[in-house]
Amino acid sequence: MKVAIWIPRYYETSVKVYVDNIRKYLEQSGVVFVEVNEHSTIPDDVDLVWDPNCTGAKYPNRRILFSDKKWIITLHGASNFSLPLHYTFTTTKQKIVGLYKNLKRRIAWFMYKYKATHIITVSTFAKSEIIEQLHIDPKKISIIYHGYNDDIFRQYSGVKKYFFNVSIYQKVKNIDRLIEAYNQLPIETRMPLIIVCPNYPNVDLKIEKLTLITHKISQKEVAKYMEDAYCFVFPSIRESFGLPLIEAFACGVPVIASNTSALKELTKDAGILIDPFSVEEIKNAMLDMMENKELRDAFAAKAVERAKDFSWQKSAQLHLEIFKRILD
């Protein structure tokens with residue numbers, strides 16, 4: 001099987017992790033990939049085209065409109081439509097531009113959804129959101145969970161030292177409420193909190209026992225922080241998937257996660273679910289984790305079990321099955 005894969009000049013870190021891992025396992029299964037981008041043509045001899053880059057309801061590359069090949073699109077969610085102003089838009093101009101882009105995307109998807117042979121998405125929540133926002137035939141959409149890099153995210157038996165959060169700054173990540181909740185914990189007894197949040201605007205924030213890292217770090221560095229975490233706190237308002245959540249599970253780290261979007265679906269009983277809009281609930285969940293070690297250890301054991309439901313190898317195999325089914 002020969003597949004043209006759309007690789008733009010720039011794509012998001014989380015998408016790159018996804019593409020690199022799926023591609024690695026599919027190549028081991030004999031799939032040949034040919035990279036195409038804005039400056040290259042789609043070879044005539046490929047069996048199909050895969051565009052894995054549609055995040056936040058971005059539409060696929062426009063060549064799909066003029067191609068006679070079968071196109072498989074990975075649409076990671078439709079957040080730009082469901083929460084159009086919950087990202088980094090702050091000024092009136094940014095909001096107007098954002099809403100204009102969303103309008104363009106809706107118009108584009110009206111045409112593109114008929115050209116896509118099949119759509120892969122990452123959770124039941126993401127599928128329901130795509131159907132609601134873009135009115136795509138449910139039979140045309142398959143759900144495939146992501147995996148995690150098990151060579152770096154794995155259990156460690158060291159001393160657990162702090163609460164941890166990692167995310168790229170957007171309003172939807174809810175970092176400000178997390179910090180507010182943490183700041184309400186008793187200073188003398190509270191466990192340290194480490195937040196890795198590239199582009200977080202309040203770089204001069206000074207709160208006792210809070211470490212704020214505002215530059216990008218590597219996957220290996222994230223794993224190093226995760227392995228010593230007592231609890232992973234992820235109060236994001238909306239996630240189509242939430243890769244750091246299953247990376248925490250893989251490290252045997254219990255989570256505090258939002259009871260909304262895909263986070264509830266992924267967490268199940270491996271952590272405490274909270275209302276992301278309630279600072280009080282976030283604070284109380286952190287207190288419960290600190291004050292009740294038996295509760296924390298029980299969630300840690302469940303996290304390890306939950307991690308077994310996710311792997312890049314399983315994810316790649318499901319991709320391959322869809323590729324074969326489309327060609328058949």
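All values below were derived from every heavy atom in this structure, side-chain atoms included, with hydrogens, water molecules and symmetry-related copies excluded.
- Between Y148 and F310, the gap from one ring centroid to the other reaches at least 6.0 Å.
- Scanning for ring-ring contact (aromatic ring centres under 6.0 Å, His included) contacts around Y112 gives Y59, with sequence neighbours left out.
- Residue-environment remark: CD (Q184) exceeds the threshold of 12 foreign heavy atoms within 6.0 Å.
- Residues satisfying the ring-ring contact (aromatic ring centres under 6.0 Å, His included) test with Y200, not counting sequence neighbours, are Y169.
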Exercise. When you look at E239 and K173, which way does the side-chain contact (heavy atoms from CB on, under 4.5 Å) test go after all the steps?
Worked result: CA-CA 9 Å; E239 295 286 339; K173 299 298 183 181; 2.7 Å; yes

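- Counting heavy atoms from C-beta outward, K113 and H135 have side chains that approach closer than 4.5 Å.
- Using modelled atom types, one finds a donor on one side chain and an acceptor on the other under 3.5 Å when comparing S142 with H118.
- Across all their heavy atoms, N149 and W312 have their closest contact at OD1-NE1, 3.2 Å.
- Cluster membership for L318 and V17, using ILVMFWY side-chain heavy atoms within less than 4.5 angstrom, is shared.
- With R190 contributing its side chain and E208 its backbone, the two residues share a donor-acceptor pair below 3.5 Å.
- Taken together through direct or relayed side-chain contacts under 4.5 Å among Ile, Leu, Val, Met, Phe, Trp and Tyr, V255 and V279 form parts of separate hydrophobic clusters.
- Checking side-chain atoms of S67 against main-chain N and O of K69 turns up a donor-acceptor pair under 3.5 Å.
- Summarising the geometry, atom CG belonging to N61 is positioned 12.0 Å from atom CD1 belonging to I7; distances are rounded to the nearest 0.5 Å.
- Contact detail for A116 and K140: the closest heavy-atom pair is O-CE, 2.6 Å.
- Legend: salt bridge (Lys or Arg N to Asp or Glu O under 4.0 Å) pairs involving residues 272-289, not counting sequence neighbours, sorted by first then second residue: E280-K283.
- Using a 4.5 Å heavy-atom threshold, the side chains of V49 and I5 count as separate.
- In this structure Y25 satisfies the ring-ring contact (aromatic ring centres under 6.0 Å, His included) test with no other residue, sequence neighbours excluded.
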Problem set entry | Audit row: L205, L210, side-chain contact (heavy atoms from CB on, under 4.5 Å) steps and yes/no | CA-CA 9 Å; L205 184 67; L210 169 66; 4.1 Å; yes

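- Using a distance-only test at 3.5 Å, with no hydrogens or angles considered, a donor-acceptor pair links the side chain of D47 to the main chain of K2.
- Not a single ring-ring contact (aromatic ring centres under 6.0 Å, His included) links F33 to another residue, sequence neighbours left out.
- A 4.5 Å side-chain heavy-atom check between V233 and Y182 finds every atom pair outside the cut-off.
- Looking at C251 and Q155, their side chains never come closer than 4.5 Å, going by heavy atoms from C-beta outward.
- What you find for K58 and R105 is that their closest heavy atoms are CG-NH2, 3.6 Å.
- By the 6.0 Å contact criterion, CG on D151 is enclosed, its count of non-hydrogen atoms from other residues, nucleotides or ligands being greater than 12.
- Between E227 and K224 there is a salt bridge, since at least one side-chain N of the basic residue sits less than 4.0 Å from a carboxylate O of the acidic one.
- Between the S315 side chain and the H146 main chain, no donor and acceptor come within less than 3.5 Å of each other.
- Of all the heavy atoms in L320 and S29, the pair that sits closest is CD2-CB, 4.0 Å.
- Taking CG of D137 as the start and CD1 of I131 as the end, the distance is 8.0 Å to the nearest 0.5 Å.
- Applying the ring-ring contact (aromatic ring centres under 6.0 Å, His included) test to every pair with at least one member in residues 205-228, sequence neighbours left out, gives these pairs: F164-Y225.
- Residues F232 and P244 share a closest heavy-atom pair of CZ-CB, 3.6 Å.
- The aromatic rings of W50 and H319 sit perpendicular, their planes meeting at an angle over 60°, well past the 30° parallel limit.
- Ion pairing between D297 and K293 holds under the 4.0 Å rule for side-chain N and carboxylate O.
- The shortest side-chain heavy-atom distance between I274 and I256 falls under the 4.5 Å cut-off.
- Taken together through direct or relayed side-chain contacts under 4.5 Å among Ile, Leu, Val, Met, Phe, Trp and Tyr, L295 and I282 form part of one hydrophobic cluster.
- Without hydrogens or angle criteria, S128 side chain to F125 main chain gives a donor-acceptor distance under 3.5 Å.
- The shortest side-chain heavy-atom distance between M289 and M191 does not fall under the 4.5 Å cut-off.
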For this session: I would like to know whether F153 and I246 meet side-chain contact (heavy atoms from CB on, under 4.5 Å); could you show each step before the answer?
Result: CA-CA 9 Å; F153 290 100; I246 62 169; over 6 Å; no

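- Atom-to-atom distance recorded for S123:OG and L266:CG is 6.5 Å, nearest 0.5 angstrom.
- Counting heavy atoms from C-beta on, the side chains of D228 and V159 never come closer than 4.5 Å.
- Under a cutoff of 6.0 Å and an axis angle of 45°, R177 and F277 do not form a cation-pi pair.
- In this structure, E38 places its CD atom where more than 12 heavy-atom neighbours from other residues, nucleotides or ligands lie under 6.0 Å away.
- Residues I175 and I195 have side chains in contact (heavy-atom distance under 4.5 Å, counting atoms from C-beta outward).
- Comment: E27 engages R23 in a salt bridge, judged by a side-chain N to carboxylate O separation of less than 4.0 angstrom.
- Remark: F66 CZ to K115 NZ distance equals 9.0 Å, nearest 0.5 Å.
- Under the 3.5 Å distance criterion, the side-chain polar atoms of Q133 are left unmatched by any main-chain donor or acceptor of A78.
- Distance CG/L243 to CZ/F234: 9.0 Å, rounded to 0.5 Å.
- Residues Y156 and I194 do not share a hydrophobic cluster, defined by chaining ILVMFWY side chains whose heavy atoms lie under 4.5 Å apart.
- What you find for E247 and Q219 is that their closest heavy atoms are OE2-NE2, 3.6 Å.
- N53 and W6 share no side-chain donor-acceptor pair at under 3.5 Å.
- Looking only at atom types and distance, the side chain of E265 has a donor-acceptor partner in the side chain of T124 under 3.5 Å away.
- In this structure, CG on L48 lies 11.5 Å from CD1 on I322, to the nearest 0.5 angstrom.
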Exercise. Can you check side-chain contact (heavy atoms from CB on, under 4.5 Å) on Y145 and F241, steps first, answer last?
Worked result: CA-CA 8 Å; Y145 285 158; F241 189 76; 3.7 Å; yes

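- Listed for the T214 side chain is no donor-acceptor partner under 3.5 Å among the backbone atoms of N199.
- A donor-acceptor pair is defined here as one N or O able to donate and one able to accept, closer than 3.5 Å; such a pair exists between the side chain of N174 and the backbone of P276.
- Both I152 and V196 are members of a single hydrophobic cluster when ILVMFWY side chains are connected at heavy-atom separations under 4.5 Å.
- Using modelled atom types, one side-chain atom of T117 and one backbone atom of W71 make a donor-acceptor pair closer than 3.5 Å.
- In this structure a side-chain-to-backbone donor-acceptor pair under 3.5 Å is present from H76 to P52.
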